[in-house]
Amino acid sequence: YRLTEIEIMFTTFHAGYCKILAEAFHYRQTRRGGLPYTSHTNAVCSIASDIFSAHSSKLAIPNGLDLIKCVAHLHDAMEDSGIASSVLSAMLDIKIKDIGFVDRVIKNLLLLTHDDSTPYDLYISDILNSAYEDPIALIVKLADMKHNMECCMSELKAGPNPKSAKQLEKYSRNYNLLAEEFHALTK
């Protein structure tokens, strides 16, 4: 599947707008290493785009790259900035006039938002269970975990860090579950 010029133009517009929103929602937030939080959302967007592009012919999702980029940029917005899905939806509706597209972005963001009252295994299970209907959340979560694992490994290279070691183990275990499902989905 090859993108048309129109799809490329919309992908750039929608993803750019979502990137700007992510920068606003994560303003002054930092990652553990002191980097701006959006260094993570940008990395997740890049990794998720690569995953999708490598498998786009098997997934055949209309506007797939656009959806991936939007969801990846905003994947932590509700969880880490506290913005309500209804407010985020209204903000997306202002610039993105395709209601079905916005609804799909919000649906995937809700799947990716972990509520502390939900056990983490159940949260991962919900993402896995949604993958055959819509694999966007699965792809973005794979990218999120991959980047988080890279950050943990980098911290561990700098010296012993029990918190990073524990997180790396959790991310690795769940990444393998998600990757297994993604592999089955793209066979």
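Just so it is clear, the structure is predicted and the values come from calculations on it, not from any experiment.
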Measure the CD1-SG distance between Ile96 and Cys70 for me, rounded to the nearest 0.5 Å. 5.0 Å
Ignoring hydrogens and angles, tell me if any N or O in the side chain of Ser125 forms a donor-acceptor pair with the backbone of Asp121 under 3.5 Å. no
Lys163 versus Arg32, closest heavy-atom pair with distance: CE-NH1, 4.0 Å
Determine, stepwise, if the pair Tyr37 / Asp76 fulfils side chain to side chain donor-acceptor pair (under 3.5 Å). CA-CA 10 Å; Tyr37 197 88; Asp76 280 336; 2.4 Å; yes
Is the shortest heavy-atom distance from the side chain of Ile61 to the side chain of Ile68 under 4.5 Å? no
Atom pair OG/CG of Ser53 and Leu65 - distance to nearest 0.5 Å: 5.0 Å
May I ask you to decide if Pro36's main-chain N or O and Ser39's side chain share a donor-acceptor pair within less than 3.5 Å? yes
Does some side-chain heavy atom of Lys146 sit less than 4.5 Å from a side-chain heavy atom of Ile51? no
Path from Leu67 to Leu185 over hydrophobic side-chain contacts below 4.5 Å: yes
Run the salt bridge (charged side-chain N to carboxylate O under 4.0 Å, His left out) test against Glu169 and tell me which residues pass, sequence neighbours left out. Arg173
Quick one, Met78 and Leu110 - any side-chain contact, counting heavy atoms below 4.5 Å? yes
Side-chain donor-acceptor pairs of residues 18-30 under 3.5 Å, sequence neighbours excluded:
residue, atom, partner, partner atom, Å
His26, ND1, Gln29, OE1, 2.6
Gln29, NE2, Asp80, O, 3.0

Looking at every non-hydrogen atom in both residues, tell me the closest pair between Leu177 and Leu128 and how far apart they are. O-CD2, 3.9 Å
Once rounded to the nearest 0.5 Å, what's the spacing between atom CG of Leu109 and atom CG of Leu92? 8.0 Å
Could you tell me whether the side chain of Cys45 reaches within less than 4.5 Å of the side chain of Thr41, counting heavy atoms only? no
Which ring-ring contact (aromatic ring centres under 6.0 Å, His included) pairs, counting each pair once, include a residue from residues 158-187, with sequence neighbours left out? His55-Phe182
Could you go step by step and tell me if Met91 and Ile83 meet the side-chain contact (heavy atoms from CB on, under 4.5 Å) rule? CA-CA 11 Å; Met91 293 176 89; Ile83 188 157; 3.8 Å; yes
Find out if a path of hydrophobic residues (ILVMFWY) with successive side-chain heavy-atom gaps under 4.5 Å connects Leu112 to Val87. yes
Can you name the salt bridge (charged side-chain N to carboxylate O under 4.0 Å, His left out) partners of Arg31, sequence neighbours left out? none
Between Val44 and His73, is a side-chain contact (heavy atoms from CB on, under 4.5 Å) present by the stated rule, with each step listed? CA-CA 7 Å; Val44 170; His73 278 302; over 6 Å; no
Give the table of side-chain donor-acceptor pairs shorter than 3.5 Å for residues 132-145, with sequence neighbours excluded, one pair per line with atom names and distance.
residue, atom, partner, partner atom, Å
Glu133, OE2, Lys107, NZ, 2.8
Asp134, OD1, Arg104, NH2, 3.2
Asp134, OD1, Ile136, N, 3.2
Asp134, OD2, Arg104, NE, 2.9
Asp134, OD2, Asn108, ND2, 3.1
Lys141, NZ, Tyr123, OH, 3.1
Lys141, NZ, Asp144, OD2, 2.9
Asp144, OD1, His40, NE2, 2.8
Asp144, OD1, His75, NE2, 3.3
Asp144, OD1, Asn148, ND2, 3.3

Using the rule that Ile, Leu, Val, Met, Phe, Trp and Tyr join whenever any side-chain heavy atoms are under 4.5 Å apart, tell me whether Ile47 and Leu74 fall into a single cluster. yes
Which residue pairs pass the salt bridge (charged side-chain N to carboxylate O under 4.0 Å, His left out) test with at least one member in residues 174-187, sequence neighbours excluded? none
Set out, in order, the CA-CA distance, both residues' side-chain angles and the distance that settles side-chain contact (heavy atoms from CB on, under 4.5 Å) for Asn42 and Ser46, then state yes or no. CA-CA 6 Å; Asn42 291 337; Ser46 177; over 6 Å; no
Give the ring-plane orientation class for His114 versus Tyr120, where under 30° counts as parallel, over 60° as perpendicular and anything between as tilted. perpendicular
Non-hydrogen atoms of Pro62 and Ala60 that approach each other most closely: CD-O, 3.5 Å
If two hydrophobic side chains count as joined below 4.5 Å and joins carry through other members, does Ile106 share a cluster with Phe101? yes
